[in-house]
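Just the heavy atoms: all of them, side chains too, but no hydrogens, waters or symmetry mates, feed the values below. What you see is a predicted model, and the numbers here were worked out from it, not measured in a lab. Every chain is numbered from 1, with letters handed out A, B, ... down the list of sequences.
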There are 2 protein chains.
Amino acid sequence: MNTDPVALPIASVERETGLSKDTLRVWERRYGFPVPARDAKGERLYPLGQVRRLVQIKRLIDRGHRPGKLLTLDEGALAALDAPLDAERPEISTRHLDRWMHLVKTHDHEAMQALFRRDLFRCGMSRFVQDIAAPLIARVGDAWARNQIGVFEEHLFSQHLEKLFRSALSGLALNDGRPRVLLTTLSGEEHTLGLLMVEALLTVEDAYPVLLGPQTPVSEIVRAALAKEIDAVCLSFSSAYPVSLATQGVIELRRSLPADICIWAGGYGVKSLRKPPGGVCLIPEFADLFACLGAWRQTRQTDPLPRQGKHTEDN
Amino acid sequence: MNTDPVALPIASVERETGLSKDTLRVWERRYGFPVPARDAKGERLYPLGQVRRLVQIKRLIDRGHRPGKLLTLDEGALAALDAPLDAERPEISTRHLDRWMHLVKTHDHEAMQALFRRDLFRCGMSRFVQDIAAPLIARVGDAWARNQIGVFEEHLFSQHLEKLFRSALSGLALNDGRPRVLLTTLSGEEHTLGLLMVEALLTVEDAYPVLLGPQTPVSEIVRAALAKEIDAVCLSFSSAYPVSLATQGVIELRRSLPADICIWAGGYGVKSLRKPPGGVCLIPEFADLFACLGAWRQTRQTDPLPRQGKHTEDN
DNA sequence: TCAATACTTTGTCCAAGACAAAAATATGAA
DNA sequence: TTCATATTTTTGTCTTGGACAAAGTATTGA
């Protein structure tokens, strides 16, 4: 009686791919792909194959390709574009990540937990996040998108990673460092793992993170920032979050927030953004977080004049 | 200084209120509210006042009111609906809880964290959950529904409670106890705190909780239960979760799950259920969890034959 | 090489109609 | 009464094709 869905309605495809319903419909009209089947009601039903291809296309768009090109390509040409990235991606210990993926697929949570601890103590929080946790999350997300693992395996993995970070954090005393950074996501973005990783990094870097949890409306972020005397607001966007919503939300936040409070926007969701909205720092990789942190400390801890200013600002 | 936006485009309103663009447009067409202004392009611009009212309406809908009624009401009648939730709540040991609520309202998270720890060590996990955490969550939820506190205060409170439970749990070794209980919620139910509290209680009671996180589809719950050799599946329902969805989901789960795996359904969301669907235990209060646990152990811990008497070796 | 211009691509918005799932209400039986 | 079933209303999501501006690309001129 198990109902394996062979095709998804448009709302599900929107969620799975991060492409808006409008975009899906206009692509069909303009480029002739995707061409979903229709149910009795005349509504679109996207076969899983097309959904997978859409995910692949979305990934390529985020990497800088243009939709008009991609959508006219056939299966093979698409795969050809997908491959060369693998070569350039720094293959940090693929072997080790493979071992991890095996544990995820076999949902062996005891072994997972043990390996988490071992890896964390072996390479330290900062390297653990950048070299293991972040790429692993990406791979698990990928595997899920390709239907190689189920919801259950993904959930179990997330929960154990979350457990690890939280227990690591509970062992760290929080001293009154600077900057004070508010961590949250905009409404609609549910993923908390990114925030937890940032919290961990900030803690070991002697900053003062304030974790607000996911899905805070802009107006409430502003209230929180003022009440807790925040220096910077850090937002996290997963790859599924619509880019347009992200940029619009960030711009709105920038408008509503005092100019002396920085905005840092991170996560896979901002990788596709070429140029940041004015007054916002992009953090596509965790390494960039350290850059932001350093920049903030330099401008605030020394005098307020910007060092590398091109213009002679004081006349 | 910075131009305070006096009106928001439809995408922003979707993000802030959680109402889809389609819904916003169809409400305007059907009920005559909201009536946004238009920009030069003819696109909707929602004044902040209307956005606030939409947020209020959404909250009332989540509480069970119907859109058709709410949208024809004026300002005053709407506010009147926001108040009268008072009478029905039992007021337990209010003095201490009042102190708590004060911390929540002043969002003093350092003091919150400290008081959490103190209370937990003073009265032990089991009493802490039943006498402090659970009623406090109810009161905070209430206060939020009545607009006495904002999203920001509610988020901060939840995060710190979660942090507390997770750090307490990370200190407890998990031994191979029985029953093995799978903890999760059905799709649509996002709240994790209930699961964490159950995890804490089960751990101190020498059971073996497997936390799967929120929003698992029924079919995946079944997969997980079989793979992890689960004895009981425990679901949590917050008060916001529609009762009909809850019963339907539970019934479906009961159908798909082997008969020897128990189903325990807990949380505020099941309090209104008079009679449980066949083969399902209801846990409206945390105290009932202990009853379920005891019952399971009595039937299973002796040998597989349904023998009522205790073993002689104990006496 | 760089900046300003003109052209192309692309995502979002709009309108009004349609329909089924959910909720409320009515009806009948134990 | 209380429960189960049928009927009506409510309500959110999906449909179509057209329009438009912002972002991206190509072209031009210094």
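B:Arg44 has a side-chain polar atom (N or O) that falls below the 4.0 Å cut-off from OP1 or OP2 of C:dA15. Of the side-chain N and O atoms in B:Ser20, one or more sit less than 4.0 angstrom from OP1 or OP2 of D:dT13. Of the side-chain N and O atoms in A:Arg25, one or more sit less than 4.0 angstrom from OP1 or OP2 of D:dT15. The phosphate of D:dT11 (OP1 or OP2) has a side-chain N or O of B:Tyr31 nearer than 4.0 angstrom. Distances shown here put a side-chain N or O of A:Arg38 below 4.0 Å from the OP1 or OP2 atom of D:dT16. Side-chain nitrogen and oxygen atoms of B:Lys41 include none within less than 4.0 Å of the OP1 or OP2 phosphate oxygen of C:dC13. OP1 or OP2 of D:dT13 has at least one side-chain nitrogen or oxygen of B:Thr23 nearer than 4.0 Å. Residue A:Lys21 places at least one side-chain N or O under 4.0 Å from the OP1 or OP2 atom of D:dC14.
Separating the CZ atom of A:Arg30 from the P atom of C:dG11 is a distance of 8 Å, rounded to the nearest angstrom. Here the P atom of nucleotide C:dT25 and the NZ atom of B:Lys69 are 6 Å apart, to the nearest Å. When rounded to the nearest whole Å, the span between CG of B:Leu45 and P of C:dT12 equals 17 Å. Here the P atom of nucleotide D:dG12 and the CD1 atom of B:Ile57 are 11 Å apart, to the nearest Å. The separation between B:Lys58 atom NZ and D:dT11 atom C1' is 14 Å, rounded to whole Å. At whole-Å resolution of the value, CD1 in A:Ile10 and P in D:dT13 are 13 Å apart. Across the protein-nucleic acid pair, B:Glu28 atom CD and C:dG17 atom P stand 15 Å apart, rounded to whole Å. Taking atom CG of residue B:Leu24 and atom P of nucleotide D:dG12, one finds them 10 Å apart after rounding to whole Å.
Heavy-atom distances to DNA chain D give each of A:Arg66 and A:Arg29 a nearest nucleotide, and the one nearer the 5′ end belongs to A:Arg29.
Contact check for B:Glu220 versus A:His155: no side-chain heavy atoms found under the 4.5 Å cut-off.
A donor-acceptor contact shorter than 3.5 Å is absent between the side chain of A:Thr23 and the backbone of A:Leu19. Not a single donor-acceptor pair under 3.5 Å links the side chain of A:Glu252 to the backbone N or O of A:Val218.
Partner of A:Leu235 under the side chain to side chain contact (heavy atoms under 4.5 Å, CB included) criterion, out of A:Leu253, A:Val280, A:Val198: A:Leu253 alone. None of A:Leu257, A:Ile261, A:Val233 except one satisfies the side chain to side chain contact (heavy atoms under 4.5 Å, CB included) rule with A:Val222; the exception is A:Leu257.
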